[in-house]
Undergrad: 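Next up is a structure, given as structure tokens.
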There are 2 protein chains.
Amino acid sequence: MNSAVDLPLGLADLAFAASGEALVRRTILPNGVRILSEQVPGARSATLGYWVAVGSRDETAEVAGSLGSTHFLEHLLFKGTRTRTALDIAVSFDSVGGEHNAMTAKEYTCYYAKVQDRDLPMAVEVIGDMLTSSVLDPTEFENERGVILEELSMAEDDPADAANERLFTAVLGDHPLGRPIGGKPETIRAATRDAVWSHYRANYRPRDLVVTAAGAVDHDVLVAGVQRALDAAGWDPDEQAAPVDRRPSAPVAIERGASVVTATRPIEQANLLIGCPGIVATDERRTTMSVLNSILGGGMSSRLFQEVREKRGLAYAVYSFSGSYSDAGVFGLFSACAPAKARQVAELMLSELHRLADGGVTADELRRAVGQLSGGAALALEDSDTRMSRLGRAEISLGEFSDLDESLRRLHLVTAGDVQQLARDLADRPVSISAVGGVDDDVFSGLVA
Amino acid sequence: MNSAVDLPLGLADLAFAASGEALVRRTILPNGVRILSEQVPGARSATLGYWVAVGSRDETAEVAGSLGSTHFLEHLLFKGTRTRTALDIAVSFDSVGGEHNAMTAKEYTCYYAKVQDRDLPMAVEVIGDMLTSSVLDPTEFENERGVILEELSMAEDDPADAANERLFTAVLGDHPLGRPIGGKPETIRAATRDAVWSHYRANYRPRDLVVTAAGAVDHDVLVAGVQRALDAAGWDPDEQAAPVDRRPSAPVAIERGASVVTATRPIEQANLLIGCPGIVATDERRTTMSVLNSILGGGMSSRLFQEVREKRGLAYAVYSFSGSYSDAGVFGLFSACAPAKARQVAELMLSELHRLADGGVTADELRRAVGQLSGGAALALEDSDTRMSRLGRAEISLGEFSDLDESLRRLHLVTAGDVQQLARDLADRPVSISAVGGVDDDVFSGLVA
């Protein structure tokens with residue numbers, strides 16, 4: 001344990017700073033495992049995450065049975081280790097009332113738990129065991145194939161989810177970020193235990209692993225617990241290895257997939273998404289993007305909400321969003337409305353984006369957006385989930401950690417000109433439309449080039 | 001303000017007790033307004049709710065345009081008061097980054113906000129204004145009709161939501177609790193401003209109002225703020241009126257609506273609900289019901305999860321639930337699976353209920369459920385939302401307040417015999433099935449009597 005490197009400020013390769021009321025620490029073990037914690041005084045619970053920076057984008061069609069293997073593996077890690085059955089794992093968390101789940105994303109996979117302080121050592125041990133010592137039992141593998149297929153069916157039956165999957169493919173084309181995170185039914189049917197096992201062995205190594213915890217957590221105890229869990233798995237703590245590099249963060253050129261894609265279904269609404277390539281995760285305009293989102297479609301006073309819902313009563317849900325990844329992103333607008341109004345709503349949403357680009361924002365709107373984002377950030381940090389995720393994103397995606405004070409400082413630097421400039425940039429990008437419901441492609445003809 | 005009655009323990013008509021780490025206080029103004037708060041030391045934010053104990057069950061088909069009026073009114077209270085436009089209301093909350101919404105339920109309507117401590121006075125004032133001084137502008141009324149119709153369409157397009165609405169009607173038949181909360185498209189189309197206005201005048205009076213707040217809240221400041229908001233609305237603080245009575249809590253006889261109801265749709269899954277009449281909100285077996293739910297379908301180690309998902313891979317989602325109201329309730333089981341497996345899954349779920357009734361539960365299962373519920377309760381109370389809601393339910397539905405210690409004490413008293421006895425009682429009740437997806441009534445023929 002003394003071999004762990006506890007990086008003081010200024011020596012880390014990440015720009016870590018102590019957060020106002022909380023203490024952030026980061027340790028790298030000689031074998032490359034990274035451990036980050038944020039201790040919150042007075043907290044009685046903690047959220048813990050074990051992260052691996054591989055996601056659906058890392059699968060390749062060239063390796064047979066590889067597509068969908070990230071999601072498949074995520075499910076299988078709950079299905080038993082060399083020393084624990086699937087039921088043992090479930091009982092460990094159920095019997096203390098903790099939350100316990102995992103999330104496959106496009107660029108990472110995270111296994112997490114939220115528990116009372118006294119149960120944190122158990123969570124560190126059990127998730128550590130799942131991550132290092134899963135057996136991928138062949139019978140469990142086949143059972144879980146059925147479960148995952150049902151999960152995909154459930155998402156496909158949710159029209160907003162279905163429209164969202166299609167939007168990403170339409171906007172990002174053949175880029176691996178355009179693929180659905182969870183796989184497609186045909187790739188899950190074709191997935192093989194060998195491919196999933198290879199994925200597991202190749203990507204779940206000490207140098208891939210990032211452990212983050214926030215809330216009632218003592219950093220030294222956490223580090224010792226993680227080391228114990230890895231020792232139990234036979235991972236050599238002293239093997240010398242550098243942490244895996246972060247992904248290159250330069251934006252790549254995107255060749256659009258489709259300008260309009262619709263799935264016609266006999267349902268009540270048209271679920272409508274309009275999107276274009278967005279900004280990458282490390283883009284220095286990311287705070288400006290948050291402000292733009294707040295003004296355009298971030299709340300009840302936002303332009304989209306006012307124009308589409310309040311003034312015209314055309315929709316219940318309407319908002320904008322931004323998804324950012326290492327080398328590409330998607331910026332989008334969502335609404336769900338009567339199919340007969342779909343073209344009108346699409347036109348309104350597009351015209352609001354162009355109005356922002358052409359006319360800019362008012363000082364009132366800017367002040368309100370800064371207030372919304374500052375208040376929202378302060379409220380979100382009351383939850384150790386948010387802090388745990390923030391640490392993981394800092395380490396895996398951003399390469400820097402910003403505490404609340406630093407985030408607020410950046411927020412107050414955003415100008416109306418910055419927002420308009422970003423809106424202009426977005427409005428110039430090629431737009432795609434994805435719709436699921438009682439509409440077809442013709443509804444949107446001529447709307448996007 | 002001195003006319004307010006601050007009830008000491010033992011004198012309240014509710015059995016209120018100081019909560020371990022938090023301070024609960026309750027005040028009744030002479031005009032019947034009730035104000036409850038729970039101050040949590042160290043909290044930096046607060047959740048505030050204005051409650052009125054009227055919900056969808058209180059509408060009557062006899063009054064033209066009344067059905068759906070509770071939900072309609074909830075929407076309209078955001079659309080402007082004598083001194084604030086809809087945009088003013090939206091801006092008030094958006095500019096501080098708070099959450100701000102409302103919820104229509106079967107037996108109450110709640111307008112709530114979660115804000116930083118410094119913004120609580122604003123929230124008390126603005127929601128107070130919305131609740132007392134809404135104008136129900138006729139133009140806004142027509143616009144909002146469109147919004148609500150889209151909200152209903154969105155719910156109808158969600159197959160699990162659609163199955164759930166139908167289950168309540170199937171299980172509860174003509175009982176007003178069996179009606180959909182938000183109205184039906186035809187009732188929302190038929191709703192009139194006059195009916196909604198009458199509903200507003202008849203049910204949003206001082207004696208109907210309950211205000212609850214939790215987190216960073218000072219009770220005296222809260223009471224003063226509420227009084228100021230009511231004074232501004234011209235509500236007489238000294239008019240003598242008793243708070244409206246709680247609803248009668250004796251269970252009523254239920255005549256079942258249907259044994260099987262299906263909506264056949266060309267989607268991937270069958271969304272499957274099995275239900276029977278449950279227990280009322282004040283039933284002394286409600287803690288036993290929580291334990292039963294945990295064991296039968298409350299987590300990854302539960303019987304339903306193990307039998308349907310883990311052993312057979314038939315579904316991604318499977319769980320049990322209990323909804324309790326003043327004089328009736330619904331107990332149910334949910335899963336979503338391939339249509340071809342729907343009968344098998346329905347049989348499995350029913351057989352698990354009967355196995356619980358026939359064979360009871362093990363000491364291990366009981367211990368695990370108690371652990372899960374205690375841990376879950378402790379974690380939930382970290383959030384001021386949960387505490388705010390707990391106060392509202394205590395005042396409106398239960399007639400007693402239990403702090404965490406008291407809830408845990410009751411939980412530890414539940415025996416395996418209690419759980420089996422309740423399971424037997426439920427298994428003897430008439431069962432209904434509701435399904436939405438690629439199935440029809442015949443799939444379930446003979447399964448329920």
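Below, all heavy atoms of this structure are taken into account, side chains as well, without hydrogens, waters or symmetry copies.
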Undergrad: Using a 4.5 angstrom heavy-atom cutoff, name the option from A:Ala86, A:Cys337, A:Ser92 with the most pairs to chain B.
TA: A:Cys337
Undergrad: Please determine, among A:Ser95, A:Gly146, A:Ala90, the option with the most heavy-atom pairs under 4.5 Å with chain B.
TA: A:Ser95
Undergrad: Hey, could you give me the NZ/CG distance between B:Lys311 and A:Leu87, rounded to the nearest 0.5 Å?
TA: 9.0 Å
Undergrad: Checking side-chain polar atoms at under 3.5 Å, does B:Ser45 have a donor or acceptor matched by the opposite partner on A:Glu382?
TA: yes
Undergrad: Does any backbone or side-chain atom of A:Ile267 lie under 4.5 Å from a heavy atom of chain B? Answer side chain, backbone, both or neither.
TA: both
Undergrad: How far apart are the closest heavy atoms of A:Leu379 and B:Gly98, and which atoms are they?
TA: CD1-CA, 4.0 Å
Undergrad: Tell me, for A:Arg265 versus chain B, whether the close heavy atoms (under 4.5 Å) come from the side chain, the backbone, both or neither.
TA: neither
Undergrad: At a heavy-atom separation under 4.5 Å, does B:Pro266 approach chain A through its side chain, its backbone, both, or neither?
TA: side chain
Undergrad: Side chain of B:Asp94, backbone of A:Gln372: donor and acceptor closer than 3.5 Å?
TA: no
Undergrad: Between A:Glu144, A:Glu140, A:Glu150, A:Glu151, which is the residue that forms a salt bridge (charged side-chain N to carboxylate O under 4.0 Å, His left out) with B:Arg309?
TA: A:Glu144
Undergrad: Provide the closest heavy-atom pair for A:Ala378 versus B:Gln116 in the form atom of the first, atom of the second, distance.
TA: CB-OE1, 3.5 Å
Undergrad: Can a donor-acceptor pair be found, under 3.5 Å and without considering hydrogens, that links the side chain of A:Asp158 to the backbone of B:Asp158?
TA: no
Undergrad: Go through A:Lys79, A:His75, A:Glu142, A:Glu156 and name the one with the most non-hydrogen pairs under 4.5 angstrom from chain B.
TA: A:Lys79
Undergrad: For B:Ala315, which atoms come within 4.5 Å of any heavy atom of chain A: side chain, backbone, both, or neither?
TA: backbone
Undergrad: For the candidates A:Ala338, A:Ala369, A:Gly42, which exhibits the highest count of non-hydrogen atom pairs separated by less than 4.5 Å from chain B?
TA: A:Ala338
Undergrad: Which value, rounded to the nearest 0.5 Å, describes the distance between A:Met300 atom CE and B:Ile89 atom CD1?
TA: 8.0 Å
Undergrad: A:Ser294 versus chain B, heavy atoms under 4.5 Å apart: side chain, backbone, both or neither?
TA: neither
Undergrad: Does CZ belonging to A:Arg44 count more than 12 external heavy atoms closer than 6.0 Å?
TA: no
Undergrad: Under 4.5 Å heavy-atom distance to chain A, tell me which part of B:Arg145 shows up: side chain, backbone, both or neither.
TA: neither
Undergrad: Answer with side chain, backbone, both or neither: which region of B:Val96 has an atom nearer than 4.5 Å to a non-hydrogen atom of chain A?
TA: backbone
Undergrad: Do you know which of A:Val115, A:Asp88, A:Val91 has the most heavy-atom pairs with chain B at a distance under 4.5 angstrom?
TA: A:Val91
Undergrad: Nearest 0.5 Å, please: how far is CG in B:Leu149 from CD in A:Glu268?
TA: 10.0 Å
Undergrad: Please classify the contact of B:Lys341 with chain A as side chain, backbone, both or neither, using a heavy-atom distance under 4.5 Å.
TA: neither
Undergrad: Roughly how far apart are A:Gln269 CD and B:Leu152 CG, rounded to 0.5 Å?
TA: 9.5 Å
Undergrad: Quick check: do B:Glu310 and A:Phe78 have side-chain heavy atoms less than 4.5 Å from each other?
TA: no
